[in-house]
Amino acid sequence: MRHIFIGFYGWPEQKLGQTEAVRVIAGDFECWNLQHFSLEEFIAEIKERIPPFNDNMLRNYLWTEEAPDFGITEKQYKDCRWGLLLPNPVEYGEHSKEITSLLSLYSPSFMRPAFYASDFGISVINAKSLGNWLHGQDRSELFSSPNFVQFFKTMLPALRYFNWLRDNVLVWTDEDWRLYMAASFYDDLEQYENSKKIYAWQRESADMATILEILFTAGDNDKEEVGYRLRKRASVLMGWRFPSIEKEIRDLYNDRSDLVHGSFYRKIVKGMRGNKNGDAAMPPPPDFHKLYETKERLRFLLVAYLRLNEVRLAKTDDVFVDFGSVQQILEVAIIDTHLREKVVETVRPIVELLPEAQNGLW
């Protein structure tokens, strides 16, 4: 079994709840407390656990001017606090992007690795600002869980939608392409997580609405009542967990409509004039918490959709074998209560593995 190690930054004074150097979560899944390893000790341990692909890779662990594209410096390593040793699901290459996307689907906040270690050596992520990378990255306890292991194993087939690989895309169906686009747009939401701005929150709302359309209505030949069908299909998939999801989606689309039709800006001017408790030249702050909640709904919806698609493709359940897409399943399930119950039965186990934000912390 090949492995990959993903290391994460942490605050300098941060002490992990994990006191041991290595915590075995289950089988090939381990959480490492990097504060227990010097850089020299870490590199030696990684070489032992993930043998280099060949001798040429031996220069790719400690950064040097002769091999500037690989390796880690003493200073970079000191900024790191913890990491995960995970199975590498492919025979060749590190596939770090797909695995990081899977970690971000499991976590309420996007995960931003400091470096990857594979049989090709160590690759450091070039952070523009270390401070931006620290927010929400103290997740060692979150990932040191049997729930994460089960989630990882169950969702492995969906990794193909989080990167562009030629052998995959040559045989993709319309459903595959839509899932690839939904995964790509979801990954792009990371740009908003630590940079909420008064004048950009509507753009974030529009991007999230686009993901909903990709999943639930894109490619649908019926152009009537698109918003209604979108809300109903989303409710079939996740209404059992989020009873108000139809209203939340309607509100999201109202926000987007205000943006594209210009009324959003008129509201800003009106709010500025009535902003008696602050600077009259500044608009009142938007409801950023609402954006976080909507992103969380999308995370659950995307996981459930991906899982239902994999079960459909596996053709192990006679209920789904005659459907050409998840959209078709959800459309019929709006009326067919037996099919709706089967949808919930299929997605509930994976959804219940997902952790949610606690006490407003994302």
Side-chain angles (χ1 to χ4, degrees), residues 101 104-105 107-110 112 132 135-136 161-162 164 174-175 177-239 242 244-272 282-306 326-327 330 357 360 362:
S101 294
S104 292
L105 272 184
S107 170
S109 60
F110 284 96
R112 302 170 177 84
N132 285 339
H135 172 74
Y161 297 121
F162 286 91
W164 177 285
D174 289 346
E175 179 87 329
W177 280 109
R178 287 192 305 101
L179 282 169
Y180 168 74
M181 291 305 301
S184 297
F185 271 84
Y186 181 82
D187 275 349
D188 285 345
L189 293 179
E190 179 185 352
Q191 67 182 299
Y192 302 113
E193 189 164 79
N194 291 339
S195 58
K196 301 294 187 189
K197 299 177 182 177
I198 291 177
Y199 294 105
W201 73 286
Q202 289 283 353
R203 187 177 64 199
E204 183 178 356
S205 296
D207 285 354
M208 290 192 287
T210 299
I211 296 174
L212 288 171
E213 291 174 358
I214 292 172
L215 288 176
F216 296 106
T217 59
D220 192 334
N221 293 325
D222 188 353
K223 302 305 180 183
E224 300 296 326
E225 298 183 330
V226 174
Y228 173 80
R229 293 200 314 283
L230 189 156
R231 294 192 298 272
K232 288 299 181 183
R233 291 171 181 177
S235 181
V236 167
L237 190 61
M238 286 300 302
F242 303 115
S244 61
I245 194 165
E246 288 191 54
K247 179 183 181 302
E248 293 170 3
I249 292 175
R250 184 184 295 109
D251 291 344
L252 176 68
Y253 271 81
N254 288 339
D255 290 341
R256 188 178 75 163
S257 179
D258 286 348
L259 175 67
V260 299
H261 293 295
S263 58
F264 164 67
Y265 300 100
R266 290 194 294 272
K267 288 182 180 179
I268 284 182
V269 174
K270 183 178 179 180
M272 290 165 62
M282 289 295 293
D287 187 354
F288 290 132
H289 184 75
K290 179 181 177 182
L291 290 178
Y292 283 118
E293 287 187 329
T294 304
K295 179 262 178 184
E296 274 290 89
R297 299 294 187 266
L298 276 174
R299 181 168 70 97
F300 279 75
L301 283 165
L302 181 56
V303 167
Y305 198 109
L306 288 167
V326 172
Q327 276 187 12
L330 298 177
W362 306 87

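Remark: Phe185 pairs with no residue by the ring-ring contact (aromatic ring centres under 6.0 Å, His included) rule, at least two apart or across chains. Listed by chain and number, the residues in a salt bridge (Lys or Arg N to Asp or Glu O under 4.0 Å) with Lys295 amount to none (sequence neighbours excluded). Arg231 pairs by the salt bridge (Lys or Arg N to Asp or Glu O under 4.0 Å) definition with nothing, not counting sequence neighbours. Shown here are the ring-ring contact (aromatic ring centres under 6.0 Å, His included) partners of Phe300, two or more places apart in sequence or in another chain: Phe242. Contacts of Thr294 classified as side chain to side chain donor-acceptor pair (under 3.5 Å), with partners at least two apart in sequence or in another chain: none. When the side chain to side chain donor-acceptor pair (under 3.5 Å) test is applied to Ser184, no partner is found at least two apart in sequence or on another chain.
At a threshold of 4.5 Å between non-hydrogen side-chain atoms, the residues Ile211 and Leu189 count as touching. Using a 4.5 Å cut-off on side-chain heavy atoms (C-beta onward), Phe216 and Ile249 make no contact. Two residues are said to be in side-chain contact when any heavy atoms from C-beta on lie closer than 4.5 Å; Ile245 and Leu237 fail this criterion. At least one side-chain heavy atom of Tyr305 sits less than 4.5 Å from a side-chain heavy atom of Gln327.
Between the CG atom of Leu105 and the CG atom of Asp187 there is a distance of 7.5 Å, given to the nearest 0.5 Å. One finds the CE atom of Met238 at 10.5 Å from the CD atom of Glu248 (value rounded to the nearest 0.5 Å). Rounding to the nearest 0.5 Å places CG of Leu302 at 7.5 Å from CG of Leu179.
Ring to ring, Phe110 and Tyr192 are not that close: their centroids are 6.0 angstrom or more apart.
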Please test Met208 against Arg297 for side-chain contact (heavy atoms from CB on, under 4.5 Å), starting from the C-alpha separation and ending with a verdict. CA-CA 10 Å; Met208 290 192 287; Arg297 299 294 187 266; over 6 Å; no
Step by step, would you call Tyr186 with Leu215 a side-chain contact (heavy atoms from CB on, under 4.5 Å)? CA-CA 11 Å; Tyr186 181 82; Leu215 288 176; over 6 Å; no
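For the side-chain contact (heavy atoms from CB on, under 4.5 Å) with Leu330, the lone residue among Arg229, Lys232, Arg233 that qualifies is Arg233.
With Glu213 contributing its side chain and Leu230 its backbone, the two residues share no donor-acceptor pair below 3.5 Å.
Closest non-hydrogen pair, Leu291 versus Ser205, comes out as CD2-OG, 3.4 Å. Annotation for Tyr253 and Ala209: closest pair OH-O, 3.1 Å, computed over non-hydrogen atoms.
Look at Asp251 and Lys247 and you find a salt bridge, because one of the NZ, NE, NH1 or NH2 atoms lies within 4.0 Å of a carboxylate O, short of that distance. With salt bridges taken as basic N to acidic carboxylate O contacts below 4.0 Å, one links Arg299 and Glu296.
Atom CG of Asp188 sits in a crowded spot, with more than 12 heavy atoms from other residues, nucleotides or ligands closer than 6.0 Å.
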